[in-house]
Amino acid sequence: MIEVKPVRRVELSLWQKTYYPELWKGFVVTCRHFFVNLGRHIGRSLGMKTKPGRVTIMYPEERRPISPRWRGRHRLMLRPDGAPRCVACMMCETACPDNCIYITPGESPDGRIEKYPVAFEIDLLRCCFCGLCAEACPEDAIRMDTGYLELAGYARAEFYLDREFLMHDSAPTTHSQYAGELEGRAALRVDLLKLARGH
Amino acid sequence: MWLDLGLIVGKIAVVFIGIIAGAFVLTWAERKQSALMSDRIGANRAAILGIKLMGIVNSVADALKMIFKEDFLPPKGLRFLHAAAPVFAMFPVFMTFAVLPFGPTITVGGKVIPLQILQLDVGMLYLLAFGSIAVYGVLLAGWASNNKYTLIGGMRATAQMISYELILGLSLIGPILVYGSLDPGVMATAQNGYLWGWIPKWGIIVQPIAFLLFLPAAMAETKRCPFDLPEGESEIIGFATEYSGMRWGMFFLGEFAEIVVLAAVLATVFLGSYQVPFLFDAGEKLGMAGFHFPWGAYLPIAEWAVVALRILSFGVKVLILMWLQMQIRWTYPRFRYDQLMRVSWREMMPIALANIAVTALIVMLVA
Ligand code: SF4
Ligand code: SF4
């Protein structure tokens, strides 16, 4: 049986229909913001410890911490000896919904390991950053924790990442470190909350 | 004769520079004020040798950008009208100010100088007449661009402006009845009168409804939010779509100048023009210039200080009203077009008419 939930439209009262009282309410809100922020800006420029009159993050100079589970550009993890941790099992290539991982497997020179990727390429222009590759990997060899926000380039070729590039920075970059790895998730949440409230 | 001419040119220069400066400040204030209202910072990246002046340099950068931008004319557009439209939009705005007094009449060395470019008995009519001419700018811009959508946009803007002009005119009749004159100069003097000896006879006090009608109607005339349908650039194509560079900049400047002029009109008619409450000059109080408070206190002030205070008061009022218009523009969402028309014809007009009737009755009974 289909349940029917009647939606009653809220009729405006005469008071609201006269329009001016409601306009006034909105006006008070914006005025409050205006004067409070103005006061805070003035206070700050006079060196007082008032709250900042803005929530803007001056982006290239300031960065907001990103969550540890935030998915950025991929990287390939390394073994202690510098070889790729990937065993060319093709799980990620199979899992990828966009078919943008291209792996050429080869026999590993290390006797204990069966295969390794001779070539490992990701076409970022097709990637949708779903994270399924990282999820699928049995070796934890591919991660998306580099924290790169700025994926921009002058040519398409720049987005075609090869194995060497994916391996070149095997540690997460500074701001993802800052965001997650050091403080843990709880601390980060507090950070983000504070940020949202404008501290 | 030459002295008179010189004086007039001087006054025109003062007013002209005042409006341009006001418009320039507004381009900056618009950004910073809206930023403050929504907890942002606003434009602050442009800098000359590291000096940012709280974002004022951005306005300079804007002007430079507009000057160097390509001046585009649509292939089948009408060259002359396309060039003339922004002038039509801007010219009447500057003309309007001519009848508004920006200070009291002063006497220097036996010469009486009214601080008003043009003392016109029908000043208010002049004001409305030039307000109507602004419609041509919009319509011509839409027509000369040879683009269906700009033409429709121009028509839409015209319909809006004509509808609100009506309200503008009707709401002004109230104050005109009360002050018994069409001359803004006389209106300004009349507003130094007091009801029961202590309430200043400002327009906003004797004609509050007219004020509440005039303000939105005037904002609709300047085509700014919440009445900015004529230039809803990205969503509903407006009349200025085919304009770029400095020609577009002229529309823009005209709009900001309109804000300044409108603030001046509002101040003149509703906020006591240049009057400061309880401040009288020597002519009004038998040689005793200064504050005459209703409880009998008297604070003497030099005659020149009275003049200075009054000019200052006019400036402050205009600034406050400019701020108010900006605040309104960034507070309210845009009307839908049918709402816009309904508000004008079905809601504001009856109220305006009723206001006229009631005012006329009261004026007749009191007189
Ligand atoms: S993030 Fe998703 S789309 Fe991108 S490479 Fe991994 S699996 Fe493919
Ligand atoms: S799933 Fe992991 S181990 Fe397998 S090919 Fe992909 S990266 Fe290499």
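Sequence lines set the chain letters: A, B, ... in the order given, protein chains first and strands last, and positions in each chain run from 1. Any value given below was found using the heavy atoms of this structure, including those in side chains, with hydrogens, waters and symmetry copies removed.
Ranked by heavy-atom pairs shorter than 4.5 Å toward chain B, the options A:Val29, A:Thr30, A:Val36 are led by A:Thr30.
Here the shortest heavy-atom pairing between A:His41 and B:Arg40 reads NE2-O, 4.4 Å. When all heavy atoms of B:Gln327 and A:Phe34 are compared, the closest pair comes out as NE2-CB, 3.8 Å.
Crowding of A:Glu114 atom CD: a count of heavy atoms from other residues, nucleotides or ligands under 6.0 Å not exceeding 12. The number of heavy-atom neighbours closer than 6.0 Å to NZ of B:Lys201, taken from other residues, nucleotides and ligands shown, is 12 or below. Environment of CD in A:Glu11: sparse, with no more than 12 heavy atoms of neighbouring residues, nucleotides or ligands closer than 6.0 Å. Within a 6.0 Å radius of CD in A:Glu158, other residues, nucleotides and ligands contribute more than 12 heavy atoms. Counting heavy-atom neighbours within 6.0 Å of A:Glu3 CD, excluding the residue itself, gives a total of 12 or less. More than 12 heavy-atom neighbours from other residues, nucleotides or ligands sit within 6.0 angstrom of CG on A:Leu46.
Separating the CG atom in B:Asp39 from the CZ atom in A:Arg40 is a distance of 8.0 Å, to the nearest 0.5 Å.
The aromatic rings of A:Phe35 and B:Trp323 sit tilted relative to each other, their planes meeting at an angle between 30° and 60°.
When heavy atoms are compared at a cutoff of 4.5 Å, B:Gln33 approaches chain A by way of both its backbone and its side chain.
Listed for the A:Asn37 side chain is a donor-acceptor partner under 3.5 Å among the backbone atoms of B:Leu36.
Under the 4.5 Å side-chain criterion, counting only non-hydrogen atoms from C-beta, A:Leu23 is in contact with B:Tyr332.
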